[in-house]
Amino acid sequence: MATMESLIGLVNRIQRACTALGDYGGGDQAFSSLWDALPSVAVVGGQSSGKSSVLESIVGRDFLPRGSGIVTRRPLVLQLQKTEDGKEYAEFGHLPRRRFSDFASVRKEIEDETDRITGKTKQISPVPIHLSIYSPNVVNLTLIDLPGLTKVAVEGQAQTIVEDIENMVRSYVEKPNCIILAISPANQDIATSDAIKIAREVDPSGDRTFGVLTKLDLMDKGTNAVDVLEGRSYRLQHPWVGIVNRSQADINKNVDMMAARRKEREYFATSPDYGHLAGKMGSEYLAKLLSRHLESVIKARIPSITSLINKSIDELEAEMDHLGRPIGLDAGAQLYTILELCRAFDKIFKEHLDGGRPGGDRIYGVFDNQLPAALKKLPFDRHLSVQNVRKIVSEADGYQPHLIAPEQGYRRLIEGSLNYFRGPAEASVDAVSTLILELPSIPFLPYSIQYLVITVTEQKIVDQVHLVLKELVRKSIGECQELKRFPTLQSTIAGAANESLERFREESKKTVVRLVDMESSYLTVDFFRKLPQEVEKAGNPGGNPRDNTPASQNIDRYAEAHFRRIGSNVSSYVYMISETLRNSIPKAVVYCQVKEAKQNLLNYFYTQIGRREGKQLSELLDEDPALMDRRLQCAKRLELYKKARDEVDSVAWVR
């Protein structure tokens, strides 16, 4: 069964862990705040309302800094723990191994720790100081002492100090888990109380507010605060508690706090105005009241706190996986990390090619649409026109006309036609330029054909596939979440992959051009063996060989129908070659580019990376500073929530 001590102690331990790891509520919206989810008691009051005296009365020790102006400039998380062994000492969260038994030293340390953050100015800071006091004279209770509300900035303070303090106080009291201890002096009109004003705004129903009335002994003679204490002047859901603090004369004389408590009890017991309320007045009663209420609130909120802790751990672990774990410092660990990242990228790239991710289908689109379209656009009609056929055949015959079939003319026509296939097959415009430089060494290719090759503007198939592969490399790098941590490695892998693609493209270019050259170097004989018979039949439709005189052949040789038939035969042969290339070029491109990219994209990079030294490897793993900072913050929060989970698990709950 969870005791009061274990419940409040649980929250105390979690609060200390929150502060140690940078979670003290407030404006950090990047993470959910565990601090904000914990029930707490915030002490709110104007300057000179007696706030510090109330806290010292509850503790039974004189330990808080005193002075004029703003004395409390950082929130003080005061964790009280009752001891049974009679020992009394204090510990600070920022000095966990040091015990303070001299409470004057505690005051000095609060002042020094405040100055450490704010400097010796009169500015404020939201970073809390944690102070635990172990004593047989306290109840288990946690209070947060906030800077006193003020209306005017004094010399040395920023003009925004009034607003800054109010915003800090609001950041605590507006949370639904915060219990508000509103301190108001009895010798001032309750309607003008700074504490009640802000409590009314954030807790209009009064469910979270405990009203404390101080300085009852300083009220004008003939007046009292019974209407306030009995809830008639301003009603709260919880009872008002009156407090009689030490007077300034008592403070100056260092009157013992235990003696002050006795004096307070005597005041209420003998007071004609408050005697009937004596059992529910005084700092001791207030401490017990708050302790019981805080325990009940903690018990009610534990399920939601546990749920928040578990949910936050899951979210933070998922984000840590997304951001990536820290990298080892030795060269072996760094090399292993680089190779793992390369494999992750390579896996995504292969998924694009194999259809697991979109993009690889564009390569098929190049083969199925662009290659046939490019082949259809080749200007065979002009090259095989009657005029051009007559010109090439006549030039091929030279001074000796052909006897049966113009074989040399056929060869020149076919070779000239096949050269058109270079355009759609070659890798890039630069390759076309290289081809153009070589054209004058081909004596049988007329100027008109050179011109047509130059004007081929259809994007080349090898180059199109190369562009698709480059785009898939870019997409794969962008989709590789692990690589996003390392922009330098990203660009290095992209550069290495593109270098490999360039090599694959050059090899593919050579191969597809070689396919065209192979068709030019050896013509298919079976196709042409039919041509002499066709020519002979054409020379004598009746089939009488006696009529095949040289004179009749000379007439046929220069007839338009004869050249049209030659052009038709060449066109049929070129169409056959076109169909062959339409099937063989994709195979060559896939073999030389796609398959190589799939199997060997980073092979050269692997050989190079293995030779690098530790410093060079570290440079590749140079992360984005913003990402490193995010991971560090996530790790801190994850550590906090795991500690909190352990603390919750360590408490035995009532089932």
Worksheet entry | Under 3.5 Å donor-acceptor, K82 side chain and N140 backbone | no
Worksheet, complete the sentence: Partner of V212 under side-chain contact (heavy atoms from CB on, under 4.5 Å), picked from V43, V44, I183, is I183
Discussion item. Are there over 12 heavy-atom neighbours, none belonging to K484, within less than 6.0 Å of that residue's NZ?
Written reply: yes
Practice prompt. Mind checking the CG-CE spacing from L213 to M219? Nearest 0.5 Å is all I need.
Written response: 7.5 Å
Worksheet item: What's the shortest heavy-atom distance between L236 and G206, and which atoms?
Response: CD2-CA, 4.3 Å
Fill in: Heavy-atom donor-acceptor pair, R208 side chain to V173 backbone, under 3.5 Å
yes
Discussion item. For a 4.5 angstrom cut-off between non-hydrogen side-chain atoms, does L294 reach P39?
Written reply: yes
Worksheet item: Is the backbone of A259 close enough, under 3.5 Å, to the side chain of D256 for a donor and an acceptor to pair up by distance?
Response: yes
Response to the item:
Paired with E639, the salt bridge (Lys or Arg N to Asp or Glu O under 4.0 Å) test is passed by just one of K643, K642, K636, R637, namely K643
Worksheet item: Hey, are the side chains of Q81 and V138 touching, using non-hydrogen atoms and a 4.5 Å cut-off?
Response: no
Worksheet item: Do H130 and E113 have side-chain atoms, one donor and one acceptor, less than 3.5 Å apart?
Response: no
Practice prompt. Return yes if a side-chain donor-acceptor contact under 3.5 Å exists between T209 and D203, otherwise no.
Written response: yes
Worksheet item: Would you call I180 and I198 a side-chain contact if the rule is heavy atoms closer than 4.5 Å?
Response: no
Item to complete: Mind running salt bridge (Lys or Arg N to Asp or Glu O under 4.0 Å) on K197 and E201 for me, showing each step along the way?
Response: CA-CA 7 Å; K197 176 178 177 292; E201 292 175 5; 3.2 Å; yes
Worksheet item: For N245 and E56, what are the C-alpha separation, side-chain angles and deciding distance, and is it a side chain to side chain contact (heavy atoms under 4.5 Å, CB included)?
Response: CA-CA 9 Å; N245 296 323; E56 289 182 331; over 6 Å; no
Worksheet entry | Distance-minimising heavy-atom pair for Y267 and L216 | OH-O, 3.7 Å
Worksheet entry | Heavy-atom closest pair, residues I196 and S184 | CG1-OG, 3.6 Å
Fill in: More than 12 heavy atoms of other groups within 6.0 Å of R232 CZ
yes
Worksheet item: With distance as the sole test, does S49 use its side chain to make a donor-acceptor pair with the main-chain N or O of G45 at under 3.5 Å?
Response: no
Discussion item. Under a 3.5 Å distance rule, please check whether S171 uses its side chain to pair with a backbone N or O of M168 as donor and acceptor.
Written reply: yes
Worksheet item: Should the pair F210 and H238 be assigned to parallel (<30°), tilted (30 to 60°) or perpendicular (>60°) ring geometry?
Response: parallel
Item to complete: Find out whether L78 and I144 are in side-chain contact, i.e. whether some heavy atom of one side chain is under 4.5 Å from a heavy atom of the other.
Response: no
Discussion item. How long is the straight-line distance from CD1 of I305 back to CG of N310, given to the nearest 0.5 Å?
Written reply: 12.0 Å
Worksheet item: Are V11 and T142 close enough that some pair of their side-chain heavy atoms sits under 4.5 Å apart?
Response: no
Worksheet entry | Stepwise side chain to side chain contact (heavy atoms under 4.5 Å, CB included) test for I58 and L286 | CA-CA 8 Å; I58 290 174; L286 175 63; 4.1 Å; yes
Fill in: Passing candidate, side-chain contact (heavy atoms from CB on, under 4.5 Å) with V244, options E266, R265, E264
E264
Discussion item. Do H94 and E109 make a side-chain contact, defined as non-hydrogen atoms from C-beta onward lying under 4.5 Å apart?
Written reply: yes
Practice prompt. Evaluate the criterion side chain to side chain contact (heavy atoms under 4.5 Å, CB included) for residue pair K151 and V162; output intermediate values, then yes/no.
Written response: CA-CA 6 Å; K151 293 182 172 62; V162 175; 5.6 Å; no
Worksheet item: Checking E91 side chain against R97 main chain: does a donor-acceptor pair fall under 3.5 Å?
Response: no
Item to complete: Kindly compute the distance separating OG1 (T306) from NZ (K311), expressed to the nearest 0.5 Å.
Response: 14.5 Å
Discussion item. Does either side chain, that of S125 or that of R74, offer a donor lying less than 3.5 Å from an acceptor on the other one?
Written reply: no
Worksheet item: Within the distance-only criterion (no hydrogens, no angle test), does the side chain of R631 pair as donor or acceptor with the backbone N or O of M320 below 3.5 angstrom?
Response: no
Worksheet item: When rounded to the nearest 0.5 angstrom, what is the spacing between CZ in R73 and CD1 in I161?
Response: 9.5 Å
Worksheet item: With ring centroids as reference points, do F100 and F92 lie under 6.0 angstrom apart?
Response: yes
Fill in: Between S205 and Q237: side-chain donor-acceptor atoms closer than 3.5 Å
no
Worksheet item: Do the side chains of F103 and I133 get nearer than 4.5 Å, heavy atoms only?
Response: yes
Worksheet item: Cationic tip of R107 within the cone over F63's six-membered ring, i.e. under 6.0 Å and within 45° of the normal?
Response: no
Worksheet item: Would E482 and E340 satisfy side chain to side chain contact (heavy atoms under 4.5 Å, CB included), going step by step from the backbone distance to the final call?
Response: CA-CA 9 Å; E482 299 93 329; E340 283 294 299; over 6 Å; no
Worksheet item: What pair of heavy atoms forms the shortest contact from P65 to I110, and how long is it?
Response: CG-CG2, 3.7 Å
Fill in: Atom NZ of K263: over 12 foreign heavy atoms under 6.0 Å
no
Worksheet item: Would T223 and D220 count as having a side-chain donor-acceptor pair, cut-off 3.5 Å?
Response: no
Worksheet item: Hey, does the side chain of S271 reach the backbone of D273 with a donor-acceptor pair shorter than 3.5 angstrom?
Response: yes
Worksheet entry | Donor-acceptor under 3.5 Å (S247 side chain, D250 main chain) | yes
Item to complete: Anything under 30° is parallel, anything over 60° is perpendicular, the rest tilted; go ahead and classify W240 against Y234.
Response: perpendicular
Item to complete: Please name the pair of heavy atoms, one in I243 and one in G282, separated by the smallest distance, quoted to 0.1 Å.
Response: CD1-C, 3.4 Å
Practice prompt. Rounded to the nearest 0.5 Å, what's the gap from CD1 on I298 to CD1 on I179? Could you check?
Written response: 7.5 Å
Worksheet entry | Non-hydrogen atoms of F345 and S476 that approach each other most closely | CE1-CB, 3.6 Å
Worksheet item: Can any side-chain N or O of S312 pair as donor or acceptor with the backbone N or O of I309 at less than 3.5 Å?
Response: no
Discussion item. Could you tell me if the side chain of S57 sits less than 4.5 Å from the side chain of M257, heavy atoms only?
Written reply: yes
Discussion item. So, taking the atom named CD in E174 and the one named OH in Y172, what distance separates them when rounded to the nearest 0.5 Å?
Written reply: 12.0 Å
